[in-house]
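By convention in this document, chain letters (A, B, ...) are assigned in the order of the sequence lines, proteins followed by strands, and residues within each chain are numbered from 1. Just so it is clear, the model here is predicted, and its values are computed rather than measured.
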Amino acid sequence: MERKVRVRFAPSPTGPLHIGGVRTALYNYLFAKKHGGDFLLRIEDTDQTRFVPGAEEYIIKAFDWLGIKFDEGQGIGGDYGPYRQSDRKEMYKEYADKLIDSGWAYYAFDTPEELDNVRKEFEKEKKNFQYDCNTRSSLKNSLSLSKEETNSLLEKNTPYVLRFKFPKDTEILIHDLIRGEVRMNSNLLDDKVLYKSDGMPTYHLANIVDDHLMKISHVIRGEEWLPSCPLHVMLYKAFGWESTMPEFAHLPLLLKPEGNGKLSKRDGDRLGFPVFLLEWQDPISKETSSGYREAGYFPEAVINILALLGWNSGTEKEIFSLDELIEIFSLERISKSGAKFDLEKAKWFNHQYLQLMPNNKIAEQYLSILKEKNIDICLEHVEKIVGLVKERCNFVADLWEQSSFFFLKPESYDEKLIKKRWKDEVPQRLSEIVIILNSIEDFNSHTAHDKVHAFIEGNELNMGQIMNCLRLSIVGEGKGPDLFEIMALIGKEETLERINIAIETIGKNE
RNA sequence: GCCCCGUUCGUCUAGAGGCCUAGGACGCUAGAUUUUCAUUCUAGAAACCAGGGGUUCGAAUCCCCUACGGGGUACCA
């Protein structure tokens with residue numbers, strides 16, 4: 001039975017997405033596209049107390065930036081809507097009732113306070129309380145109560161929840177596409193709440209009903225869901241949907257770099273690298289957390305970084321475009337253990353993408369940074385500068401550090417370099433070079449190079465001595481690309497001016 | 001506590017019984033190139049394959065135990 005691949009990414013709008021969630025979405029996307037299937041976005045907002053305004057919009061915007069497109073879902077549309085669970089509220093009741101009718105679920109009238117007390121009682125005896133096949137008969141529910149008692153409670157509108165009735169002594173087998181077979185015994189599993197007293201389903205009920213109705217073929221989600229997967233499998237069985245039950249794949253988690261715990265939204269900026277795709281401001285605390293976009297990462301690089309955090313192609317290739325990833329992605333090559341984010345490698349990836357990007361594209365972005373610094377210059381010129389210095393940069397913003405001297409005269413001169421290189425005869429030699437450079441009609445990097453080299457050789461001077469001092473005069477320190485290229489780009493006049501200023505300044509103010 | 005998942009260089013990982021004196025990448029160190037810094041190139045250090053038992057002629061690879069890490073254990077997702 002070949003069925004169309006349909007996968008979903010189902011975040012809860014409790015805040016911005018962190019990169020772990022983004023990676024889960026990416027793997028879903030790659031899997032769907034690889035198999036010519038659909039990728040949908042479903043908003044799981046069954047917990048109304050955790051609603052965070054703006055989160056849903058943020059999620060959509062974040063994927064928009066990343067360049068990952070949903071085929072269907074919230075904010076996109078499709079034939080299986082609505083795609084926000086709170087908008088599907090009415091239909092869950094019907095399915096919950098079906099479970100009551102078939103005996104797979106039961107009413108539980110215990111209040112949260114009562115359950116708390118039971119838990120405390122158990123703790124006193126160093127035992128752990130679980131609402132399950134061993135304890136449910138002593139609690140307040142439709143299994144322990146008589147039919148009359150139950151009905152009377154219902155008639156009085158007593159708040160209740162619906163719990164799943166796990167059968168006794170049943171082994172539940174999960175076929176996980178990443179982990180193989182996982183077995184669990186039903187006696188150890190608790191009777192999870194399926195339907196809450198506020199009239200909303202829990203994740204467990206809602207996700208099974210929706211996945212079924214939306215014809216989801218594969219559930220690819222984080223490992224934190226593995227323990228509740230037996231419940232999900234049992235629910236498919238209870239509904240009689242076993243034949244169309246999706247296949248499961250539980251992804252390893254993204255861990256905090258310090259070594260303990262999974263990455264979480266609350267990590268914000270604390271870890272020294274962005275945890276979110278886009279900058280996020282908490283609507284209540286007003287605290288802002290940085291994003292990859294704002295930190296200067298390219299979306300293509302972020303995709304590449306995330307793809308390789310828990311998956312590899314089996315080859316030694318590491319730079320992949322989205323299309324290449326779709327081509328070779330497979331669930332089998334996902335590793336089983338959690339991965340820590342490596343900031344240094346992330347920067348390296350961005351560096352690779354910066355080198356791959358055409359200079360005019362980079363120049364466009366750099367131009368807006370230059371504008372902010374009140375530097376008015378044409379794109380063509382910036383493009384040339386970018387070509388000379390981009391290999392030294394990881395981010396577009398690094399360009400300034402590597403090329404500010406193209407736009408500004410040195411304000412000071414590197415002291416160490418002066419000490420080492422600025423010998424007494426240097427000013428005289430540089431004055432001679434000024435005259436030589438000034439005599440060049442067609443001033444460019446080649447002519448300047450030839451003249452200066454001829455001068456150095458003709459006078460049997462030390463190449464390093466002259467070149468370093470010339471660089472110091474023009475750049476202010478010992479860095480930068482080929483000096484003659486710099487001279488050509490800033491022009492003859494500016495070049496001469498800078499050398500003259502250096503001759504007049506260096507060594508005179510002490 | 002109980003249940004589940006995992007464990008190869010600092011990090012991400014290759015490895016599906018002999019090709020492993022364990023390969024690559026980032027980072028690190030050194031050398032080369034260069035007019036400087038960076039890039040680049042080359043080389044190097046870096047994992048007794050968590051530990052211990054098996055199985056086998058042979059185990060990083062299969063099995064068991066232990067340790068450690070992670071996840072779950074909510075009317076959260």
Can you figure out which of B:rG6, B:rC75, B:rC4 approaches the side chain of A:K336 most closely?
B:rG6

Just checking, is any N or O donor in the side chain of A:R221 or A:H250 under 3.5 Å from an acceptor N or O on the other one?
yes

Which whole number of Å gives the distance between the P atom of B:rU29 and that of B:rA45?
16 Å

For the side chain of A:E318, counting heavy atoms from C-beta on, which of B:rU36, B:rA25, B:rC76 is nearest?
B:rA25

Provide the distance between the two C1' atoms, one in B:rG18 and one in B:rA50, to the nearest whole Å.
24 Å

C1'-based separation of B:rA60 from B:rG51 [nearest Å]
14 Å

Applying a 3.5 Å limit to both distances, which nucleotide forms a Watson-Crick or G-U wobble pair with B:rA59?
none

Atom CD1 of A:I19 to atom P of B:rC12: distance rounded to whole Å?
13 Å

Compare the minimum distances between each of B:rG70, B:rG1, B:rG10 and the side chain of A:N128, then state the nucleotide with the smallest one.
B:rG1

Please give the nucleotide sitting opposite B:rG1 as a Watson-Crick or G-U wobble pair, both distances under 3.5 Å, or none.
B:rU73

Would you mind classifying the nucleic acid contact of A:D110 as base, sugar-phosphate or nothing, using non-hydrogen atoms under 4.0 angstrom?
base

Among B:rU35, B:rC75, B:rA14, which nucleotide has an atom closest to any side-chain atom of A:V161?
B:rC75

Taking atom P in both B:rC64 and B:rC4, compute the distance separating them and give it to the nearest angstrom.
13 Å

Output the single nucleotide from B:rC26, B:rA74, B:rC5 whose closest atom is nearest the side chain of A:K345.
B:rC26

Going by the angle between their ring planes, with limits at 30° and 60°, are A:Y203 and A:W225 parallel, tilted or perpendicular?
parallel

Where the side chain of A:R392 is concerned, which of B:rA38, B:rC5, B:rU40 is the nearest nucleotide?
B:rA38

Please give the nucleotide sitting opposite B:rA50 as a Watson-Crick or G-U wobble pair, both distances under 3.5 Å, or none.
B:rU66

Base-pairing mate for B:rA30 - Watson-Crick or G-U, with both contacts under 3.5 Å
B:rU42

Could you tell me how far apart A:I486 (CD1) and B:rC37 (P) are, to the nearest whole angstrom?
14 Å

Options B:rC4, B:rG72, B:rC12, nucleotide nearest the side-chain atoms of A:E224:
B:rG72

Checking B:rG1, B:rG27, B:rU7 against the side chain of A:E344 (C-beta onward), the nearest is B:rG27

d(CG, A:N141; C1', B:rC75) in whole Å
15 Å

Which nucleotide sits closest to the side chain of A:K196: B:rU13, B:rC76, B:rC4?
B:rC76

Once the angle between the rings of A:F166 and A:F164 is folded into 0 to 90°, is it parallel (under 30°), tilted (30 to 60°) or perpendicular (over 60°)?
perpendicular

Donor-acceptor pair present, A:R163 side chain and B:rC75 base, under 3.5 Å:
no

What does B:rC20 pair with, Watson-Crick or G-U, if both distances are under 3.5 Å?
none

Under 4.0 Å between any heavy atoms, over every strand shown, what does A:S228 touch: base, sugar-phosphate, or nothing? Just pick one.
nothing

Shortest side-chain distance from A:K262, nucleotide among B:rG72, B:rC75, B:rU35
B:rG72

